[in-house]
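Letters A, B, ... mirror the listed sequences (proteins, then strands); counts begin at 1.
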2 protein chains.
Amino acid sequence: MSLEAARPTINDVAERAGVSRTTVSNALNGKGTIGEATIARVRRVADELGYEPNAVARGLRQSKLGVISLLIRPLESLDTAMPEGVDYFLRFAGSAALAAMDHGYSLMLISDPSKPGAPPSSLAADGCLVEAPIRNDPALSLLDRKRIPFVAIGVDPARPDAFPAFVQQTEGETARVLDHLHEAGARRIALVTGTDENAWNVFARDAYEQWTARHGVEAIHRSIDETLGVEGGRMVAHELLSGATPPDGVYCLTGRHAAGFVAGARELGIDVPEDLVVAAGSDAVMNRTSSPTITALDLRPVETARLAVDALIRILQDEPVDWSSLDPTSELVVRESTSRRRGDGPAQA
Amino acid sequence: MSLEAARPTINDVAERAGVSRTTVSNALNGKGTIGEATIARVRRVADELGYEPNAVARGLRQSKLGVISLLIRPLESLDTAMPEGVDYFLRFAGSAALAAMDHGYSLMLISDPSKPGAPPSSLAADGCLVEAPIRNDPALSLLDRKRIPFVAIGVDPARPDAFPAFVQQTEGETARVLDHLHEAGARRIALVTGTDENAWNVFARDAYEQWTARHGVEAIHRSIDETLGVEGGRMVAHELLSGATPPDGVYCLTGRHAAGFVAGARELGIDVPEDLVVAAGSDAVMNRTSSPTITALDLRPVETARLAVDALIRILQDEPVDWSSLDPTSELVVRESTSRRRGDGPAQA
DNA sequence: GATAGCTGATGAATCGATTCTTGTAAATCG
DNA sequence: CGATTTACAAGAATCGATTCATCAGCTATC
């Protein structure tokens, strides 16, 4: 029919339809007052040419690009490749992408825009999601300064009330898990956290210390680099379980640490759950399918991501956000690693 | 010091430094001929103001945004949420994002731009990665027509040589897996594919038919919706294994189908691997940690994504791409589901 | 029959950068 | 000393859209 130009612009359409740029824009966007006949003609020509507005040009004029970005803070420490079994972030990102698409947005994965060499595109989005901000997160400060709307998933531990954020109920959840381990018979419960200074690690540790103080038991805490993954869990297991008074319960915040801890215990001839009960603070596929399966807190990344995207887009469209209804709920999924065959009652003191 | 404007523009910097826009641009980008003193002053003022170039404006002028997009074709059929255990795509996306960041690009996850309601931003990127295109993929045609550089991961089955693509060696790999199942003692080997018409499903089926013809055995093929996941695998297992002459080996292209197939077999009292050997065409975490662990083809999503991003960015920068060295290699990871205790020799005919 | 109002459409300004072209002063040259 | 480089910087055009202000031609009103 017509030889389509590589990327026809609005000018091509205008010329071919014998009208002005303005008329084309108005006709296609339903603005202004344009006659029926003209609208139809412009539409037809636009279709013939395969015209689609250039999102960048439109974005410049309207200062909105139809893109939201996602900054996954822990990714910064992961460096080159995504270790195996890190499904929380990936599931979060996948769900966020699909949710964004539902609203006509695309999701852009970015690296820390506050870092010197950061690509300019990392600030090009209309709004930003920040997953697990770190203490005094410079990215949050930057976004705030640049007046780029954002929603954090998890607060900045140093500034919990400074910015709009989804507040995980880390304290309550931590206590719940520790109570569960206690009910499963554990009397010396250790905590293994990661090293990132995000709300998850920081508040879980606080809650753990309160819990141990309340119960009058010793606090045994180790933090180990998230990037070490399963291997990191094994290392801590060897260290903790070879001591004089090893713990008989452990709460590992990351699923991979928990999996590694179980593996390490097994290497030392310690049976899970009979001699040691283990729970994970984040549910990974490997916790569901390993043997024994591992009790874990399901943080519902898919649902949380969807809620976060919805909230951000409401902000972008100047609609009110009801934060109170949006705090993510998590669920404790009890599996074999905390289910002793000899019953749930406390072991003899 | 200075009260920073929300987002200072190049004009603000120019005014404050007492020079023209042009000079600011040249000074910051090292172009043109600008005096040392002026450069220093502009830099200082830019820092004071916290100026960073607007990526959208720059993108409009240079017609490159510093963004590459990723279209995951199978995601279109997955609809609302990412089912559990779909780690191939997520790992691919995560790795692609990190690789893009290494090159100063951001990665945008988009939905099919050829669909009517698609957001305009889905065509805004400088280049596009298309994972697992479908037969006569309209997205590939669109990108080609719009002259947007792209790299496909897996060919369009109807047009295998039309576009730049990473060509998986599906035929060879399929034969390899079938040989392995045969060596493990299977004599009636079934194939379970998904329903998407991508190279993976189409070519594996072709290769399977050739293999069965070559070996003079019956071809038993079922295709089942990818979205049904583990449950789909169970259903096929029940259907196939309840028949008069059930297969004693099965090759499921997706990891979740394989996991479901094993579960279904177990429900029917069929032992894996003693009575039935099972292999998966895509390695998922659940295949590594399930019991029994499941033999699978590791498609190396992380490495493949990195190679694809590198290739696309070379194209964007007009550098030559050596495709011959880039075809993704996959590895057969042998696990319990194909390791019979009674030995690997063929059962008696 | 002049004024006001409405319809349909247009030219110019704008978003914030980069890039092409031009211009001016000082320095160099014959 | 006048002509010509050279160094440095500014002005204007451009990218492709949207939006503001305007305008021509009709119709309705009194």
Is it true that A/S25 and A/T22 share a donor-acceptor pair across their side chains at a distance under 3.5 Å? no

From CA spacing to verdict: side-chain hydrogen bond (donor to acceptor under 3.5 Å, both in side chains), B/S121, A/S106: CA-CA 7 Å; B/S121 55; A/S106 298; 3.1 Å; yes

Using atom CD1 of A/I34 as one end and atom P of C/dC6 as the other, report the distance to the nearest whole Å. 18 Å

Residues in side-chain hydrogen bond (donor to acceptor under 3.5 Å, both in side chains) contact with A/R43, at least two apart in sequence or another chain: none

Under a 4.0 Å heavy-atom criterion, the protein footprint on nucleotides 11-17 of chain D, written with B, S and -, is BBBBBBB

Reckon A/T33 has a side-chain N or O less than 4.0 Å from the OP1 or OP2 of C/dA9? no

With a 3.5 Å distance limit and no angle check, can you tell me whether A/D126 reaches the backbone of A/G66 through a side-chain donor-acceptor pair? yes

Length of the CG-P vector between B/N26 and D/dC8, whole Å: 13 Å

Cut-off 3.5 Å, side chains only: do A/R21 and A/N11 have a donor facing an acceptor? yes

Side-chain N or O of A/K31 closer than 4.0 Å to phosphate OP1/OP2 of D/dT19: yes

Need one value for A/S63: base, sugar-phosphate or nothing, where a base atom within 4.0 Å counts as base even if backbone is also close, heavy atoms only. nothing

Could you check whether any side-chain heavy atom of A/V19 comes within less than 4.5 Å of a side-chain heavy atom of A/R41, counting everything from C-beta outward? yes

